[in-house]
Amino acid sequence: MILEMGRVLARSEIGDLGIVLNIAAPNIAAQARPGQFVHVRPGVRFDPLLRRPYSFNRIDRQAGEIELIVKPFGQGGDWIASRRSGDDLDLLGPLGSAFVIRRATQNLLLVAGGTGIAPMRVLAEHESARRNVTLVMGGRSIQYLWPSRLLPPTVEYVTTTDDGSFGIKGRVTDALRPLLAWADQLCACGPWPMLAALGRMRDEAARASAVFPGRQVLLDAEIAVEQHMGCAMGVCRACVVVTENGNARVCREGPVFGLGEMRFSEGEPATVGLSA
Amino acid sequence: MPWRRPRKKVDRPVNVSRAIEETLEELSADEDEDDSVELAGVDGASIVEAATGEADTGGRMPSPLAEQLSRVELSDTAVITPVRSAERTEHGVDLAVDAARSLRLKNPVLTASGTFGQGVEYAELIDVSRLGAIVNKGTTVLARPGNAQYRIAETPSGILNSIGLENPGAAGVAKKYAKAWAQLGVPVIVNVAGYSVDDYVRVVSEFAGIASVVAYELNISCPNVKGGMLFGCDPGLAADVTRAVKQETDLPVIVKLTPNAPDVVAVARAVEEAGADGLTAINTVLGMRIDTTKRRPVLGTGSGGLSGPAIRPIAVHITYQVAQAVSIPIIGAGGVTNAEDALEFLMAGASAVQVGTATFADPLAPLKVIEGLAAYVKIHGLSSIRDVIGVALPTSQQAE
């Protein structure tokens, strides 16, 4: 983990999903892994004060570049989202735990809700040359979906929208079941209700017999979670979530957890878009 | 033209202390300007933007000191590289202070409890041994899971927190970190919290014999746990806790004051009389944010503790008041982000400062305060930083 002054190379709007910033940050890019995040300072002074955590949406080691999806929420998110090509960004990262794709995995199933696409896209890019990758992505409407032209051509994708404006009308979990039997490994990132729905599917699989399609895939699934964050260095304990092993810091033990580790029964830890 | 990284930033990754010396040398603008024109050509930034690395707002800093110190602050960049100690700005500058009775530190910059963990976390990023001391996360006798989410909310120039003293308990902390603290090479002040006089004494006893622990800071003012502020608001109870802990340990005992007490000065006087060796002014200020969509407070506990630059004037004022009422050293805390902020506290009568919330935004902030204070001593030809302690106090009361 390092402090690095990144330089914005390009900025683009992806529908209503957010602003995508392409940033030159060779030192962070060299260390970053899918699922990890970078803590971005929203300005050079102390108002707004807190850095904002963003999961990597692309990691290009060779070019020394990273990409982030930034929602212009709140004063800090607004400032970061309004950066233009040539602007500096004070970055702290890479931080947190990463997704680990097992060597034996042939069929990788990725599940993304909203801006949860970020780490899933990194996985899609890194893994599509090595194995079969299917991405299930969902959003409120077509405006909240990641454009398929910005996915590797070998990645299969299934889309769902809440309003039916594109793909299957419904949630990603509705589109997921037929793919479970196909998959060897499942990784997911998205809003808490989506992850909680996955958790319920896992509970169902855990109770079912070994012939339940995709049972093992659900049992071993990994998820990346979001939480209001303070320091991102593991000291302030603002970002804890309740897991089977007690409180865990999203910034250190997370953001990637085993789906089975998360105590969804404790309720949703994050809903307001204060730091989103 | 393809984008190229400006030379200035690549050639001089952090190396903060060198950057400050350069800043001081380069106050004559000529050399800077040459550089800037070149940079401006490279990436289309305005000259001011290229020179400062900051958006050109057209605003100027008012005083030459503010200008110098703000440039110190702006020296932050890129990757941290180790700097030989002789190259550091603070090298050879007398920054030593008595942060409490019998607690001489090599410089007056500490980290505030709850914002620096156990010191080991930020050691991955900065050279913690350069700090005067660190204050660890508030420690209770038994492990505490902390409060319900949300635990943090942003406010203008500050944050509200309601962590609830989540910690693994005194025995756990002592066992886990005694070795690590020795390796960090920085004095550790243990922040002690509790619900009864006995609690405080028991926590202190767990840390007996750990060489890195140089003092205790009694958190009699946590706003986020039930009864946490009881001791801090009542001069009599605050004195009882202080007296009991003083009997338990020979190390200096510092009492952290709460601004939420009806009469902070009375509490300060009472704990001084009870044997406190120092005071920290101040803990967080009670505050609240409402989520207007959900129509309820943002924090899980409703209210929380406000910290950051938003509370600095309150903290400086209390420091100023308490400094005139007691003769033990005061550690100023509340919104210190740079050397100029620290100087406000020192001039108001504090002997040292704690940097807390600022570290979340800028992990280099505590080190920049040290460098900025060293630069101030040099620029003003002072014999030591101690020369400024209390200089803003009314003359009749002025500290030595």
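Chain identifiers are assigned alphabetically (A, B, ...) following the order of the sequence lines, protein sequences preceding nucleic acid strands; residue numbering begins at 1 within each chain.
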Do you know which of Ala358(B), Gly300(B), Pro309(B), Gly335(B) has the most heavy-atom pairs with chain A at a distance under 4.5 angstrom? Ala358(B)

Taking atom types as modelled and ignoring hydrogens, do the side chains of Arg58(A) and Asn22(A) form a donor-acceptor contact shorter than 3.5 angstrom? yes

Which bit of Phe116(B) comes within less than 4.5 Å of chain A, counting heavy atoms only: side chain, backbone, both or neither? backbone

What part of Ile28(A) is in contact with chain B, defined as an atom under 4.5 angstrom from a non-hydrogen atom: side chain, backbone, both or neither? neither

Non-hydrogen atoms of chain A under 4.5 Å away: do they reach the side chain of Thr115(B), the backbone, both or neither? backbone

Counting heavy-atom pairs closer than 4.5 Å to chain A, which one of Gly308(B), Ala148(B), Pro363(B) comes out on top? Pro363(B)

Could you tell me whether Arg121(A) sits above the aromatic face of Phe56(A), with NZ or CZ closer than 6.0 angstrom to the six-membered ring centre and within 45 degrees of the axis? no

Does atom CZ of Arg11(A) have more than 12 heavy-atom neighbours from other groups under 6.0 Å away? yes

Per-residue tally against chain B (heavy atom, under 4.5 Å) across Cys231(A), Pro48(A), Cys239(A), Ala232(A) peaks at Cys231(A)

Side chain from CB out, backbone as N, CA, C, O: work out which of these in Thr357(B) comes under 4.5 Å of a heavy atom of chain A, or both, or neither. both

Smallest separation among heavy atoms of Ala112(A) and Met194(A), with atom names: C-SD, 4.1 Å

Could you tell me which non-hydrogen atom of Leu125(B) sits nearest to which non-hydrogen atom of Ile2(A), and how far apart they are? CD1-CA, 3.9 Å

Please report the shortest heavy-atom distance between Leu184(B) and Ile134(B), naming the atom on each side. CD1-CD1, 4.5 Å

